[in-house]
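Read through the structure below, which is laid out as structure tokens, and then see the notes.
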Amino acid sequence: MKTTMITRVMMAAVFAVASVWTVNASNPEKVTNVEMDNDRISAKVVYEQDGTFLTPEYRFEFQYNEAGQIAEKKGMKWDGTRWTNYYCMTVTYTDTEAHVDYALWNKDKKTFVPVQTYVYTLEEANELLA
């Protein structure tokens, strides 16, 4: 009877240690690479780091208007061989507001399809209010 109890305790300890290793192994770190163009971020790539290997996950490309404000942000996902479009946010500004048009990529139509429009109020310095 004592041997069975010790065996059960040892098996529980083994499973506990194995589950801790599994949880730690399943939380890879994210690494970001920023591409600059004339002191502005032109693109940002997010990688998943697993040990010494980096796997691309997302790419974000930015376009700016004449005033230096973000006019477009395009998000792409890595499909294992190439970047595929995911979403596009287009921003238009007025004196007091920023209108953000959010669109998702439709692979059948091969175009971005509008989904939602958000309107944000700008503060005096032309910054978005949270």
Side-chain angles (χ1 to χ4, degrees):
M1 190 67 144
K2 242 182 186 178
T3 307
T4 306
M5 189 60 155
I6 291 172
T7 304
R8 286 184 183 171
V9 169
M10 288 180 64
M11 290 301 290
V14 167
F15 284 123
V17 169
S19 65
V20 167
W21 285 340
T22 303
V23 168
N24 287 339
S26 67
N27 291 329
E29 290 186 39
K30 305 293 183 194
V31 177
T32 303
N33 181 48
V34 176
E35 299 173 17
M36 302 293 289
D37 184 26
N38 295 328
D39 296 327
R40 290 188 189 152
I41 297 174
S42 61
K44 200 182 275 191
V45 182
V46 179
Y47 297 90
E48 183 177 286
Q49 181 175 5
D50 190 9
T52 57
F53 298 100
L54 292 177
T55 304
E57 279 192 327
Y58 300 103
R59 178 178 176 83
F60 304 102
E61 294 179 350
F62 302 91
Q63 299 290 325
Y64 298 87
N65 62 18
E66 300 81 29
Q69 300 165 313
I70 292 179
E72 181 181 275
K73 176 183 176 185
K74 190 184 296 182
M76 293 166 267
K77 288 183 179 180
W78 183 252
D79 72 358
T81 57
R82 62 184 170 87
W83 294 110
T84 59
N85 289 322
Y86 180 51
Y87 72 86
C88 183
M89 293 188 327
T90 306
V91 185
T92 53
Y93 298 90
T94 67
D95 291 338
T96 59
E97 296 177 332
H99 297 254
V100 180
D101 296 312
Y102 184 74
L104 292 175
W105 181 253
N106 183 315
K107 65 180 178 180
D108 296 331
K109 295 180 180 179
K110 295 187 181 4
T111 187
F112 288 103
V113 177
V115 176
Q116 185 83 32
T117 298
Y118 301 95
V119 178
Y120 295 96
T121 303
L122 299 173
E123 64 181 13
E124 290 178 18
N126 260 353
E127 298 291 325
L128 292 174
L129 290 175

Original post:
So do the side chains of K110 and N85 get within less than 4.5 Å of each other, counting heavy atoms only?
Top reply: no
Original post:
F62 versus K73: any side-chain heavy-atom pair under 4.5 Å?
Top reply: yes
Original post:
For the residue pair Y93 and L122, what are the closest heavy atoms and their distance?
Top reply: CD2-CD1, 4.2 Å
Original post:
Can you tell if the side chain of Q49 reaches within under 4.5 Å of the side chain of Y47, non-hydrogen atoms only?
Top reply: no
Subject >> Cluster overlap V113 with V115, hydrophobic side-chain contacts below 4.5 Å >> reply: no
Original post:
Same cluster for F60 and Y64 if Ile/Leu/Val/Met/Phe/Trp/Tyr side chains link at under 4.5 Å?
Top reply: yes
Original post:
Can any side-chain N or O of D37 pair as donor or acceptor with the backbone N or O of R40 at less than 3.5 Å?
Top reply: no
**OP:** Take T117 and D101 through the side-chain contact (heavy atoms from CB on, under 4.5 Å) test and state the conclusion after the steps.
**Re:** CA-CA 4 Å; T117 298; D101 296 312; 2.7 Å; yes
Subject >> Over 12 foreign heavy atoms within 6.0 Å of OH, Y86 >> reply: no
Original post:
If you round to the nearest 0.5 Å, how far is CD1 of I41 from CE of M36?
Top reply: 5.5 Å
Original post:
With a 4.0 Å cut-off, would you call K30 and E48 a salt bridge?
Top reply: yes
**OP:** To the nearest 0.5 angstrom, please state how far the CH2 atom of W78 sits from the OG1 atom of T84.
**Re:** 9.5 Å
**OP:** Under the side-chain contact (heavy atoms from CB on, under 4.5 Å) rule, what do Y102 and M89 come out as? Steps first, then yes or no, please.
**Re:** CA-CA 5 Å; Y102 184 74; M89 293 188 327; 3.4 Å; yes
**OP:** For V91 and A98, work out which heavy atoms get closest and say how close.
**Re:** CG1-CB, 4.2 Å
Original post:
Does any non-hydrogen side-chain atom of V45 lie less than 4.5 Å from one of W83?
Top reply: yes
Original post:
Around D79, counting heavy atoms of other residues, nucleotides and ligands shown, do more than 12 lie under 6.0 Å from its CG?
Top reply: yes
Original post:
When rounded to the nearest 0.5 angstrom, what distance separates CD in E72 from OG1 in T90?
Top reply: 5.0 Å
**OP:** For the residue pair V100 and Y120, establish whether any side-chain heavy-atom pair is separated by less than 4.5 Å.
**Re:** yes
**OP:** Could you tell me whether the side chain of V46 reaches within less than 4.5 Å of the side chain of T32, counting heavy atoms only?
**Re:** yes
Original post:
side-chain contact (heavy atoms from CB on, under 4.5 Å) between R59 and E35: does it pass, once the steps are laid out?
Top reply: CA-CA 11 Å; R59 178 178 176 83; E35 299 173 17; 3.1 Å; yes
Original post:
Is there a side-chain contact between F112 and N106, using heavy atoms and a 4.5 Å cut-off?
Top reply: no
Subject >> Any Y58 side-chain heavy atom under 4.5 Å of K44 side chain >> reply: no
